2 protein chains.
Amino acid sequence: MTSEAVPGGERLRAGGVRLTRQRAAVLAVIEGSQGHLGVREVLAAVRKGRRRIGLTTVYRTLEVLASLNLIRKVHLRDGCQRYARAGAGHGHHLICSRCGRVVEFSDCRLGALIQSVADRTQFTIEDHWLELFGRCKGCRNGRGRMRRRSGFRETGTRPGPAAP
Amino acid sequence: MTSEAVPGGERLRAGGVRLTRQRAAVLAVIEGSQGHLGVREVLAAVRKGRRRIGLTTVYRTLEVLASLNLIRKVHLRDGCQRYARAGAGHGHHLICSRCGRVVEFSDCRLGALIQSVADRTQFTIEDHWLELFGRCKGCRNGRGRMRRRSGFRETGTRPGPAAP
DNA sequence: TCGCACATGAAAAACTTTTTCATCTAGGAG
DNA sequence: CTCCTAGATGAAAAAGTTTTTCATGTGCGA
């Protein structure tokens, strides 16, 4: 297995960690999903792809990949151990509350707001975190809310209609 | 114990739930803290105040109080089962990454940004969520980062230097 | 004051996350 | 190309968190 053949291989190496088949598999699963996945879902998806992997490794790998910014940790109203593929920006998310689709955006013009809050509160503001929730085009007229923890698309990359 | 004597009593009743000594105690602990507290910390603080309460009740009560907007759920980088007192706004938080102090603000002028992201992604955006992280005045020159899960001030309301 | 629907809490169950440690392997050295 | 080893893996166990259960308690309207 050459690193060239594995998407993300270079990026893993660049991060100073080894390219293992497990890491490649987890990265592929996340990148192949348009939604956000939890630990058990990643485990199931990797195993469905006929690759052996242990639960412990999934925990560790998700943490490693997130720290390298190869994937993003997504926070929902309840529970925040979910992950989505990383886009170009610094990781703000727009999440469909019905199907779970995650779209990343980075143009958060918060400069003025941050300045104003900083002035008023005497804080030095170092970081911010913004998430938007709504309905994607396909789920616009959906009746209810899909079960939160259900996977959206485990794998398979079909270009979605929405992208920044 | 009349409801008048208990801060939050009216608000609990208005929410359609009973005013119990446990709910009052949990609310008092959260309101008396300037930081964010986890479930175990709330449990410990209530018990330190010599009031009997069970862990199950703490879980249930925090959920009830948060659903009535009497307290807020705070999400941190890791873990998001922490709670802080509720201010007037719709609940955005500025959090000191050293001491844990939480300041709520509500003037988030995100209209233009939300419009722009909505246009580009074809999403209908229904809700947003913004959190700022930094250092409060007192922690400006702090060396490191205080242990994340440590309580900040369990109780006692001394007017802090920072308030919107 | 009474009564009961709602609330509590101890214990157990269910679930999640971390730790441990023996084994494996990616990938650089030779 | 083969060898070697630090880093990676994973099964099992431990630790921690959250939910469920159900008998008992109590807020509050009648």
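We use all heavy atoms of the structure for the numbers below, so side chains are in, but hydrogens, waters and symmetry mates are not. On a predicted model such as this, the values are computed, not experimentally measured, just so you know.
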Minimum-distance nucleotide (side-chain atoms of A:R40 versus C:dT17, D:dT9, D:dT18): C:dT17

Whichever of B:V17 and A:T56 has its nearest DNA chain C nucleotide further upstream toward 5': B:V17

Nucleotide nearest A:Y59 when distance is taken to its side chain, options C:dT8, C:dT16, D:dG10: C:dT16

Nucleotide of D:dA11, C:dT8, C:dT17 approaching B:T61 most closely (side-chain heavy atoms): C:dT8

From C:dG27, C:dT8, D:dT18, nucleotide with atom closest to B:R60 side chain: C:dT8

Distance, rounded to the nearest Å, where A:E63 contributes CD and D:dT9 contributes P: 13 Å

N-O pairing of A:E131 and A:R72 below 4.0 Å: no

Nucleotide C:dC6, atom P - distance to CZ of B:R23 in whole Å: 11 Å

Pi-cation contact, A:F123 with B:R101 (under 6.0 Å, within 45°): no

Nearest to side-chain heavy atoms of B:R21, which nucleotide of D:dG27, D:dA8, D:dG10: D:dG27

Separation of D:dT9 C1' from A:R52 CZ (nearest whole Å): 9 Å

A:E41 with A:R82: basic N within carboxylate O range, under 4.0 Å: yes

D:dT17 OP1/OP2 closer than 4.0 Å to side-chain N/O of B:Q81: no

Rounded distance in Å - CD1 (A:I53) to P (C:dC24): 18 Å

Under 3.5 Å donor-acceptor pair, B:R18 side-chain atoms to D:dC28 base atoms: no

Nucleotide C:dC6, atom P - distance to CZ of B:R13 in whole Å: 16 Å

Rounded distance (Å) that lies between atom P of D:dA12 and atom CG of A:L55: 13 Å

Closest to side chain of B:R47, choosing from C:dA10, C:dA26, D:dG27: C:dA10

A:C80 and B:C80 SG atoms less than 2.5 angstrom apart: yes

Test of ring centre spacing under 6.0 Å for A:H75 and A:H93: no

A:Q22 side-chain N/O to D:dG10 phosphate OP1/OP2 under 4.0 Å: yes

Interatomic distance where CG belongs to A:L19 and C1' belongs to C:dG28 [whole Å]: 15 Å

Contact under 4.0 Å: A:T20 side-chain N or O vs D:dT9 OP1/OP2: yes

Rounded distance (Å) that lies between atom P of C:dT16 and atom CG of A:L62: 14 Å

